Amino acid sequence: MPDSADAPEPDARRRVEIPAAETIEAHRAFIARRRAARPSEEYRTPTEEEWDAFLAHFEKRKVSIGTCGRAFSSPCVHEHACVRCSLLRPDPAQRGRLEEIRDNLVARIAEAEREGWLGEVEGLRVSLAGAEDKLAQMDRRASGGTAIDLGMPRIAAAQSTQAGGTASLTQSLDDQ
């Protein structure tokens with residue numbers, strides 16, 4: 001019977017550890033190939049109008065309870081219902097405002113239930129869940145979050161993954 005320390009885990013997958021220098025070189029080569037395949041006009045200097053539009057995008061991302069993180073030149077899919085949006089980064093300085101919004105939503109849900117506005121109740125509950133989630137995000141950020149120490153990675157020589165061959169980072173990046 002083999003020593004239990006030498007026995008592989010039953011569901012362990014084979015992994016290849018690649019030296020840092022090889023990783024960096026493979027990534028640089030991958031980027032160079034991708035750039036060569038893209039149209040050169042994508043690398044031109046932006047016009048003044050394009051640059052102004054790009055900068056204005058970030059000025060418009062500041063909203064009453066935080067900052068919107070949606071991508072440049074993308075529309076707001078939530079029709080500016082920011083409290084519902086996962087891309088809103090709440091500003092801790094606006095906690096009081098967000099608590100007022102949450103309290104108002106609770107009162108509006110009670111009114112809608114009293115009046116029988118069932119369609120309104122559903123939408124308000126979605127917004128309430130979003131407001132409570134934003135408050136929880138603020139709490140997590142204030143408490144330092146839940147950082148996990150992963151330790152330092154171990155660098156070892158590449159190992160064979162198949163009979164007669166070794167894994168190549170260059171090949172795996174090209175496959176993506």
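Heavy atoms only: backbone and side chains are in, while hydrogens, waters and symmetry mates are out. Here the structure is a predicted model, which is why all the values come from computation and not from measurement.
The structure places CG of Leu98 at 10.0 Å from CD of Glu132, a figure rounded to the nearest 0.5 Å. Atom CZ of residue Arg61 and atom CZ of residue Arg89 lie 16.0 Å apart, to the nearest 0.5 angstrom. In this structure, CG in Asp52 is found 6.0 Å from CD in Glu48, a value given to the nearest 0.5 Å. The CD atom of Glu111 sits 11.5 Å away from the CD1 atom of Ile109 when rounded to the nearest 0.5 Å.
Within the 4.5 Å cutoff, the side chain of Arg95 has heavy atoms near those of the Asp139 side chain.
The shortest non-hydrogen separation linking Ser64 to Gln94 is O-CG, 3.3 Å. Of all heavy-atom pairs between Leu124 and Ala112, the closest is CD1-CB, 4.3 Å. Among all heavy-atom pairs drawn from Lys134 and Cys85, the shortest one is NZ-O, 2.6 Å.
Looking at Arg38, its side chain never comes within 3.5 Å of a backbone N or O of Arg34 through a donor-acceptor pair. Between the side chain of Arg141 and the main chain of Pro90, a donor-acceptor pair closer than 3.5 Å is present. Panel note: side chain Arg33, backbone Ala29; a donor-acceptor pair is recorded below 3.5 Å.
Taking hydrophobic clusters as Ile, Leu, Val, Met, Phe, Trp and Tyr residues chained together by side-chain heavy-atom distances below 4.5 Å, Leu128 shares a cluster with Leu135. Under the 4.5 Å side-chain heavy-atom criterion for grouping Ile, Leu, Val, Met, Phe, Trp and Tyr, Val126 is not connected to Leu88 through any hydrophobic cluster.
Looking at Asn104, Asp103, Leu105 one by one, the single match for side chain to side chain contact (heavy atoms under 4.5 Å, CB included) with Ile101 turns out to be Leu105.
A donor and an acceptor atom, one from each side chain of Asp133 and Gln137, are located under 3.5 Å apart.
Between Asp91 and Lys62 there is a salt bridge, since a side-chain N of the basic residue sits under 4.0 Å from a carboxylate O of the acidic one.
No more than 12 heavy atoms of other residues, nucleotides or ligands shown are found within 6.0 angstrom of CZ on Arg28. Annotation: Glu122, atom CD; neighbour count of heavy atoms from other residues, nucleotides and ligands within 6.0 Å does not exceed 12.
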task = Test side-chain contact (heavy atoms from CB on, under 4.5 Å) on Ile31 and His27 and set out the steps.
result = CA-CA 6 Å; Ile31 295 296; His27 182 68; 3.7 Å; yes
